[in-house]
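Lettering of chains follows the sequences in order, A, B, ..., and the numbering in each one begins at 1.
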There are 2 protein chains.
Amino acid sequence: MGGAVHEGASERGETMAESKAEASRGRGTDRVLDILDFLAARGTPCTVPEICVGISSPRSTTYLLIERLEARGYLEKVDNSAYQLGRSVAVLGKVAMKHLDFARFIRAAVQQLAADADQLAEFVALDSWKQLVLMAAVARRPSYLLSAEGSRHPLPRTASSRFLLRDFGRQEILDNIDERDYVLRDGSVMTPDAFIASIESARDSDVFALHGQVDPHLACIASPVLNAEGRCLATMSLVVPLVDFEGRFDFYADHTRRMAKAVSEQLSLIPAGREDILGLLLKARTD
Amino acid sequence: MGGAVHEGASERGETMAESKAEASRGRGTDRVLDILDFLAARGTPCTVPEICVGISSPRSTTYLLIERLEARGYLEKVDNSAYQLGRSVAVLGKVAMKHLDFARFIRAAVQQLAADADQLAEFVALDSWKQLVLMAAVARRPSYLLSAEGSRHPLPRTASSRFLLRDFGRQEILDNIDERDYVLRDGSVMTPDAFIASIESARDSDVFALHGQVDPHLACIASPVLNAEGRCLATMSLVVPLVDFEGRFDFYADHTRRMAKAVSEQLSLIPAGREDILGLLLKARTD
DNA sequence: GGACTTAGTCCAATATATTGGATTTGTCCA
DNA sequence: TGGACAAATCCAATATATTGGACTAAGTCC
């Protein structure tokens with residue numbers, strides 16, 4: 001949505017403009033939720049005009065609704081005239097958190113994936129331009145693998161990075177990744193262009209596998225965790241000894257994909273660009 | 001609001017019922033927030049009919065609004081047909097919590113009170129039919145006082161209890177308080193009836209003081225922290241050596257009252273009967 | 001200090017959200 | 001199986017929430 005629109009010929013343009021577009025009225029209930037979602041997505045206080053453009057609603061309506069939300073403690077005015085989510089929302093969230101334990105759900109998913117595949121499973125996100133392992137679970141067999149929660153890896157070495165970097169611009173990627181990170185485990189060097197190309201090649205896939213990049217004896221397979229708009233928030237990933245991996249790509253891919261989808265549903269409403277919320281949700285201690 | 005209403009004579013009652021009440025239409029935006037607040041106040045999943053009576057709204061409207069809320073992740077269906085607050089609300093709450101640190105505010109208030117009065121100040125709630133000190137702050141002078149965060153005291157000994165028990169029924173109070181708790185510090189025994197009477201006597205006050213009950217050399221003064229409906233959620237309290245207290249009641253009462261009011265504003269939207277939310281809010285670790 | 005931009009308020013016209021009640025669907029038990 | 005009750009859906013009538021635009025207030029910039 002929002003792509004460039006082909007302009008009609010100018011003489012026709014007038015005619016089309018004449019057609020009463022009859023933009024239908026918005027609904028108050030939707031607008032109220034739009035306002036809340038918008039402020040959550042921003043994360044910083046916003047003025048009423050900012051909110052107006054952010055949710056594209058008329059000024060009169062917006063002022064009215066914001067007044068009502070403020071009266072009920074859903075919004076609070078900070079400084080002079082910027083609003084942010086209010087105490088009612090905080091209380092509501094606390095109550096919601098009692099039932100909804102995101103951290104537990106994701107951990108269960110990681111453990112399930114580890115059990116299903118009988119391999120090391122990870123839940124991975126982007127942090128400071130490294131791959132950060134947020135959760136990891138080993139299968140029942142004892143694992144010699146080094147990956148642990150909290151560990152960071154250079155992005156070009158990881159399968160997950162192909163999805164995690166998908167929504168960044170080429171230049172941004174080139175600017176932020178340390179050039180030492182392009183040195184792979186076997187000592188060979190990947191060119192930034194090859195890396196970008198690799199990211200592009202994964203754009204339309206829902207799994208991506210690397211063999212021997214992290215470790216010469218390991219394969220790594222990842223599947224993206226997406227929000228409602230299709231932005232990649234994180235990945236589910238398996239680390240598999242090459243000896244197990246041969247000829248079983250589909251098996252591992254299927255399980256990884258399935259769990260990534262399940263987690264995506266849970267996290268689908270995290271707004272694009274607010275992956276920090278993911279961190280907050282995982283830190284939740286609910287009782 | 002909600003006090004007992006004098007019924008008119010029965011024959012007049014009919015006449016009044018006849019008057020076309022012309023109940024004006026409700027507003028969708030309000031109803032949406034009503035639903036969220038109601039579910040937060042309940043804390044358990046509710047069916048649509050339950051919500052209808054809970055917020056007294058027509059069925060058709062309620063089904064419609066709930067459907068919209070569910071579509072946006074603000075509500076989730078559990079089991080077959082009961083709803084509870086959804087993941088959107090949890091995310092919203094997380095974001096709101098970044099700005100709104102209730103724990104910090106209350107702690108600041110307790111410390112302020114301690115500094116203003118130059119005495120031990122406490123933020124106190126009811127827990128398992130004891131008085132629980134949730135937060136405490138000492139004035140700049142070193143204090144020999146024993147009170148500490150997490151400590152529990154028998155209710156009849158405390159000034160705070162007169163407010164904390166205000167909204168409970170006589171029988172409930174009698175049933176739940178251990179009879180040993182009626183033994184005061186000096187060894188004398190307060191009768192349950194005297195305790196109930198004491199609670200009643202404090203009902204219309206916004207401060208209550210006890211001399212020498214907790215300790216023969218101490219006075220204790222408390223002021224209630226109220227929610228929007230006037231329910232007592234907690235108290236702000238000062239513990240003062242009797243030697244300092246003499247002739248300075250107004251000074252201590254004023255400060256205690258003022259801080260209790262300030263905290264009340266912060267907590268005013270905690271629903272009656274959900275004091276557990278207070279615990280959740282205080283535990284919030286926001287970064 | 002005057003012109004210009006941005007923020008906020010107010011109001012009448014009308015598109016539509018809300019509503020009661022009828023209807024259908026589901027559930028429970030005899 | 002059927003009868004009774006509750007839950008959920010549907011629908012037309014109308015009360016009203018939404019809206020554009022006019023208007024005022026408040027900054028901002030030369």
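- At distances below 3.5 Å, at least one donor-acceptor pair connects side-chain atoms of B/Arg87 with backbone N or O atoms of A/Glu265.
- Shown for residues 53-71 of chain A: residues whose heavy atoms fall under 4.0 angstrom of DNA chain C, namely A/Arg59, A/Ser60, A/Tyr63.
- For the pair B/Asn227 (side chain) and B/Ser264 (backbone), a donor-acceptor distance under 3.5 Å is absent.
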- request: Kindly indicate, with the supporting measurements, whether the criterion side chain to side chain contact (heavy atoms under 4.5 Å, CB included) is fulfilled by B/Leu226 and B/Leu267.
  value: CA-CA 8 Å; B/Leu226 306 172; B/Leu267 302 180; over 6 Å; no
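- In this structure, the side-chain contact (heavy atoms from CB on, under 4.5 Å) partners of B/Ala260, at least two apart in sequence or on a different chain, are B/Ser223, B/Val225, B/Met236.
- Using a 3.5 Å distance cut-off with no hydrogens or angles, the side chains of A/Gln171 and A/Asp175 do pair a donor with an acceptor.
- Test B/Asp30, B/Leu85, B/Ile51 against B/Ile35 for side-chain contact (heavy atoms from CB on, under 4.5 Å) and you get one pass: B/Ile51.
- Residue A/Phe168 forms a side-chain contact (heavy atoms from CB on, under 4.5 Å) with just one option from A/Ile173, A/Ile196, A/Asn176, and that option is A/Ile173.
- In this structure, a donor-acceptor pair under 3.5 Å is present between the side chains of A/Thr62 and A/Ser57.
- Counted within 6.0 Å of CD on B/Glu172, heavy atoms from surrounding residues, nucleotides or ligands total more than 12; the atom is thus considered enclosed.
- At whole-Å resolution of the value, NZ in B/Lys77 and P in D/dA7 are 14 Å apart.
- By the salt bridge (Lys or Arg N to Asp or Glu O under 4.0 Å) test, B/Asp276 is found to be paired with A/Lys98, B/Arg274, residues two or more places apart in sequence or in another chain being considered.
- Here the P atom of nucleotide D/dA13 and the CZ atom of B/Arg25 are 15 Å apart, to the nearest Å.
- Environment of CD in A/Glu70: crowded, with over 12 heavy atoms of neighbouring residues, nucleotides or ligands closer than 6.0 Å.
- In this structure, a donor-acceptor pair under 3.5 Å is absent between the side chains of A/Ser81 and A/Thr47.
- Axis angle across the helix from C/dG1-D/dC30 to C/dA30-D/dT1, with five pairs used at each end and values rounded to 10°: 50°.
- Within residues 35-51 of chain B, no residue has any heavy atom closer than 4.0 Å to DNA chain C.
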- request: Show your working on side chain to side chain contact (heavy atoms under 4.5 Å, CB included) between A/Asp34 and B/Arg72 and close with a plain yes or no.
  value: CA-CA 10 Å; A/Asp34 285 343; B/Arg72 296 191 59 151; 2.9 Å; yes
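- In the region residues 26-33 of chain B, proximity to DNA chain C at under 4.0 angstrom, judged on heavy atoms, holds for B/Gly26, B/Gly28, B/Arg31.
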